[in-house]
Number of protein chains: 2
Amino acid sequence: MKELPHGLMQERPLQISSLLTHAAAFSPQRQVVSKTPSGIERYGYREAEERARRWAIGLSRLGVRAGDRVASLAWNTHRHFELFYAVPGIGAILHTLNPRLWEEQLVYILNHAEDRVLCFDPDLIDLVERLAPQISSVEHFVVLASRDAMPESASLTLNCAEDLLADADFSWPTFDERVAAILCYTSGTTGMPKGVLCSHRSTVLHALYAQSAVAFGLTPMESVLLVVPMFHAYGWSLPYVCAIAGAKLVLPGAAPDAQTIVDLIHQEGVSLATGVPTVWTGVFDNLDQTNRNLGPLKRALIGGSAMPPAMSRRLREQYGVEPVTGWGMTELSPLGSFTCATPEVNAMNGEARDAALYGRAGRVLYPLEVKVVLADGTRAPADGATSGDIWVRGPCVASGYYRGEGGDMLDADGWFPTGDVGVLDEFGAIAITDRVKDLIKSGGEWISSADIEKAALDCPGVAQAAAISARHEKWQERPLLLVVASRNVKPTREGIMAAMQAKLAKWQLPDDIVFIEALPLTATGKIDKKVLRNRFGDHLMNNKGGEEVLREDARQ
Amino acid sequence: MKELPHGLMQERPLQISSLLTHAAAFSPQRQVVSKTPSGIERYGYREAEERARRWAIGLSRLGVRAGDRVASLAWNTHRHFELFYAVPGIGAILHTLNPRLWEEQLVYILNHAEDRVLCFDPDLIDLVERLAPQISSVEHFVVLASRDAMPESASLTLNCAEDLLADADFSWPTFDERVAAILCYTSGTTGMPKGVLCSHRSTVLHALYAQSAVAFGLTPMESVLLVVPMFHAYGWSLPYVCAIAGAKLVLPGAAPDAQTIVDLIHQEGVSLATGVPTVWTGVFDNLDQTNRNLGPLKRALIGGSAMPPAMSRRLREQYGVEPVTGWGMTELSPLGSFTCATPEVNAMNGEARDAALYGRAGRVLYPLEVKVVLADGTRAPADGATSGDIWVRGPCVASGYYRGEGGDMLDADGWFPTGDVGVLDEFGAIAITDRVKDLIKSGGEWISSADIEKAALDCPGVAQAAAISARHEKWQERPLLLVVASRNVKPTREGIMAAMQAKLAKWQLPDDIVFIEALPLTATGKIDKKVLRNRFGDHLMNNKGGEEVLREDARQ
């Protein structure tokens, strides 16, 4: 179609600064609370917006121009929150860095992004001093601290954030909503991390749909504890969603322990807390030790990986807290789905309802388009059982990685292959059954590592489990199970195998089980299967225990 | 700023068709329920989307091209719902018409919009036959009925909607999100109605923010009864919001009476019902007569004008239903604010809380910018007391009327003067105190007609009240109060005056009170003050009862 008549509506761009000016104007009392080494700091959204404007001037005086990259190497604090608005607010690009990455990766990323300014928390001074000689583009180092908390440095000239904050006589500029706003690198299976570059448009649209009642659905009555790091997929966009909603935002500072999390929940009236499963495991231990409960908490968002059923049950039954989860990735801005009941699901009996509601990664969120594609290119039926590759498309989905790394990431129709394998059910929910790269291809048949892990975790004495693909003479690949035993009950190889036989077909059973002390984790807290494959990939080449069973069953 | 780097996100336009394809894919079981003369019709969103696609082909075969206007003169039914998607879906413009307008206005609007197709409900055949000879652009008349419910017409060739519906082998086209989508004329104080032309972008953005938990906040667990007509400000956008949320949508057909409304609430598990205050008055009468309650209803949305306190109280105390309200206008797509509690408001004592929560028009919704401007051009403080002119700006606000009617509607900075007068409070809520045109300017002082009406409605025996500006020899304008007495208690002029003296300053009291049988209503159910001013505007020129009191007080 050619030139169609346009609507007669205002051409106002969707800009990140407008989220905070809205909160400042209409939710001035609602607070941003920040735990720092010197104690709790708190202010209302009006002061937050004023400080963001003072940052904007300060950064400009430092020489930051629209289009420049400003890196942050920081935990969840109010100063980091201010950068989420100040940097994109002047048309520059906030580049959030994960302090837990390998230093080699941090050096690569800083050089690749050509960051001109590096803002960092004072406790990371040693890391920054080690990085500095290897990074060429950074001209200014800004410490996110008050003057009396500034660290010493023999090698670097440090700017104190509070000295940078100038007067607030400044108005947020207006520009095209497609202008770049935030850069966040994401680790792939192979090679160095790749950068996802969000625009103002995608960030604001995402905040709007994440604030839908079928997702975060926040109101001014809520208090949100952001345990998930703000450098991890934009802190699941909550620094923006809370501003739209006028919800209180509680930032727990550097690497909060379980005690801090439970204290903040009680002290700040937290109604929604977010974290990966290991965070919640730590919280449970703390509650057991202290005989406390979760007080005002209403919802626990468990993200980053699948929600363990026992964790979901305990939250509901012992603490009266509703567990919610979602699926997403940096490339999706990041949310793709969110737990939400439907009348059909609620009408099911107990266990079936739990599986349909808590056993999935949530319902797909508009405006994300999602399709599950089978090996033959057709779409999988929405039956909750047939798994396929998950493809997505939408205005908040990346179109390519920074500086073209990885080549074209979309197909001809604009779909992005997420690398996740999953199912879609008839109620609009998806479940992630595996990563494409974690599937095990045994003699032409696919075996899901997630299925094996789920069966293993139900065995008494299994604290953690990881299934990987190990090379095999006859079947090319066969599953190998790595288990971390619990402290109390010591499981045996035979006991676990016997228990798993009730849940898996014989050909899906792992060929062997290896007990290890701890599972290696990635910088974002997920099990690092790359490390496991490197270490145990040849384990079955010297060990053929499972072969007889296999041969028998593979004929089916 | 010049050429800034763009984010690397997909260029997917926000299109209305995507709302329905989302619901079809992920909420296929959730229903659209429609009351027609022959009974209840119901289908899931998948079938709704399929029928919209069949409409799209049917309209194309009828000759409708992108950019063409297709008018609807219809009540709330599933076929009207389908047009909300099918017409914009092919790049054409849906023009919703209010069947209750004066015929002269309908003729003007149809000719002004140059509609090529007119789709109408079968009960409106007589009206359409009268209009037809006066409208030149309409080539096709489509009746929104099944074949067996088709009316007869001696003068017109009628198409049956169900005959138009072709096969569904069609994909929604992709085009610029700024393309025009819906045209809705709005009545002003003077002259003929003017057209507001929404784009796909503004409609989808509005649906996203209206679905925020601080506004409609729907989930698939909800069932929404749309009593507000779909021709009135896009049915408050609920035909779109329900699709995003996967909520059930219940359409009550032509002019639903209170009995129908209460029946549908019970039969369809309605959790949210929408209507203007008079709808709820009728519902209360019906409940009194039948001794029923409101069963599954959780929220009652009272829109179109201020929520009467007695109505709000009765909903809460007698029926356990939470009353909510909002403020908006066609030019805002239409929602500008929505009732939402904050911790500060909830902490107030009973009456103060009620006033802050239910006595306002709700909190301002992102991304709408709102400012309240005093006569000297400065902004009114957000103190809940200082009233001024309400100006708005945002991506879902009109930039001008169709075909340039009324000239420039924005100031140099893009702000639109809404014509409403109101206050903003410290909790982000606004209250509309008057329309600019309904203010009474007495000897240089402004008097709010809304304040007088509120005081009058608290007097025993006053069923309805309207204050207007009447010409006055000495003070140019003075307030005149029109009262409809209740059936039971007969009030007197002196009794009302005495009661009002406790609530108003002497100079704010009306000069006279006139009892009338009924107040004239506009086509959208609001009190028609234009008619009252025409009839009673000279009333005080022969009646100077209040003058002595006035002279005394105006010296202050």
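Order of the sequence lines sets the chain letters (A, B, ...), proteins ahead of strands, with each chain counted from 1. Heavy-atom basis, side chains included; hydrogens, waters and symmetry copies ignored.
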request  = Could you tell me which of B:A341, B:C396, B:G269, B:A429 has the largest number of non-hydrogen atom pairs under 4.5 Å with chain A?
outcome  = B:A341
remark   = Counting heavy-atom pairs under 4.5 Å with chain B, the top scorer among A:A247, A:G67, A:P5 is A:P5
inquiry  = Under a 4.5 Å cutoff for heavy-atom pairs, which residue among B:S212, B:C340, B:G414 has the most contacts with chain A?
reply    = B:S212
inquiry  = So for A:D425, is it side chain, backbone, both, or neither that comes closer than 4.5 Å to the heavy atoms of chain B?
reply    = neither
request  = Answer with side chain, backbone, both or neither: which region of B:R178 has an atom nearer than 4.5 Å to a non-hydrogen atom of chain A?
outcome  = both
Interatomic spacing from CZ in A:R393 to CZ in B:R12 - rounded to 0.5 Å = 3.5 Å
key: Pairwise distance CG(B:L208) to OH(B:Y240) - rounded to 0.5 angstrom   = 13.5 Å
inquiry  = For a quick check under 3.5 Å, do B:S18 and A:Y366 share a side-chain donor-acceptor pair by atom type?
reply    = yes
key: Which portion of B:A382 sits near chain A, non-hydrogen atoms under 4.5 angstrom   = neither
message = Looking only at heavy atoms and a cut-off of under 4.5 Å, which of B:L183, B:V364, B:L424, B:L218 has the most pairs with chain A?
response = B:V364
request  = Heavy atoms only, distances under 4.5 angstrom: which of B:L410, B:L368, B:V345 has the most pairs with chain A? Name it, please.
outcome  = B:L410
ask   = Contact part of B:Y401 toward chain A, heavy-atom cut-off under 4.5 Å: side chain, backbone, both or neither?
value = backbone
request  = Using non-hydrogen atoms and a 4.5 Å limit, figure out which bit of A:L14 sits close to chain B: side chain, backbone, both or neither.
outcome  = both
message = Is B:E222 close to chain A through its backbone or its side chain, or both, or neither, when contacts mean heavy atoms under 4.5 Å?
response = neither
request  = Output the option from A:V370, A:I182, A:I244, A:L197 having the highest count of non-hydrogen pairs under 4.5 Å with chain B.
outcome  = A:L197
query = What part of B:N346 gets closer than 4.5 Å to chain A, counting heavy atoms only: side chain, backbone, both or neither?
reply = side chain
message = Between A:A181 and chain B, with a heavy-atom cut-off of 4.5 Å, which part of the residue counts as in contact: side chain, backbone, both or neither?
response = neither
message = Is it the case that the side chain of B:R69 and the backbone of B:A113 share a donor-acceptor pair, with hydrogens and angles ignored and the cut-off at 3.5 Å?
response = yes
Where B:A215 and B:F338 come nearest, the two heavy atoms and their spacing = O-CE2, 3.4 Å
ask   = Looking only at heavy atoms, what is the nearest atom pair of B:Y45 and B:A243, with distance?
value = OH-N, 3.9 Å
ask   = Which residues, numbered in order, of residues 198-206 of chain A come under 4.5 angstrom of chain B by heavy-atom distance?
value = A:C198, A:S199, A:R201, A:S202, A:V204, A:L205
ask   = Could you state the interatomic distance from CZ (B:R30) to NZ (B:K248), rounded to the nearest 0.5 Å?
value = 7.0 Å
task = Locate the shortest heavy-atom distance separating A:P367 from A:Y209; write the atom from each residue and the value.
result = CD-CD2, 3.2 Å
task = Kindly compute the distance separating CD (A:Q10) from CH2 (B:W415), expressed to the nearest 0.5 Å.
result = 9.0 Å
request  = Identify the heavy atoms of B:R363 and A:A245 that sit nearest to each other, and give their distance.
outcome  = NH1-O, 4.2 Å
task = Mind jotting down which residue pairs meet the salt bridge (Lys or Arg N to Asp or Glu O under 4.0 Å) criterion with at least one end in residues 334-343 of chain B? Sequence neighbours excluded, please.
result = none
task = To the nearest 0.5 angstrom, please state how far the CZ atom of A:F427 sits from the CE atom of A:M348.
result = 3.5 Å
ask   = For chain A, which of B:L365, B:T21, B:I93 has the most heavy-atom pairs under 4.5 Å?
value = B:L365
key: Evaluation steps, side chain to side chain contact (heavy atoms under 4.5 Å, CB included), between A:W391 and A:D411   = CA-CA 10 Å; A:W391 293 69; A:D411 75 4; 3.7 Å; yes
message = Taking every non-hydrogen pair under 4.5 Å, which of B:G217, B:A25, B:G400 racks up the most with chain A?
response = B:G400
key: Smallest separation among heavy atoms of A:G384 and A:V423, with atom names   = O-CG2, 3.8 Å
note = When the 4.5 angstrom heavy-atom criterion is applied to A:L19 and chain B, the contacting part is both
query = When rounded to the nearest 0.5 angstrom, what is the spacing between CE in B:M221 and OG1 in A:T342?
reply = 7.0 Å
ask   = Under a 4.5 Å heavy-atom cut-off, does chain A meet the side chain of B:Q211, its backbone, both or neither?
value = both
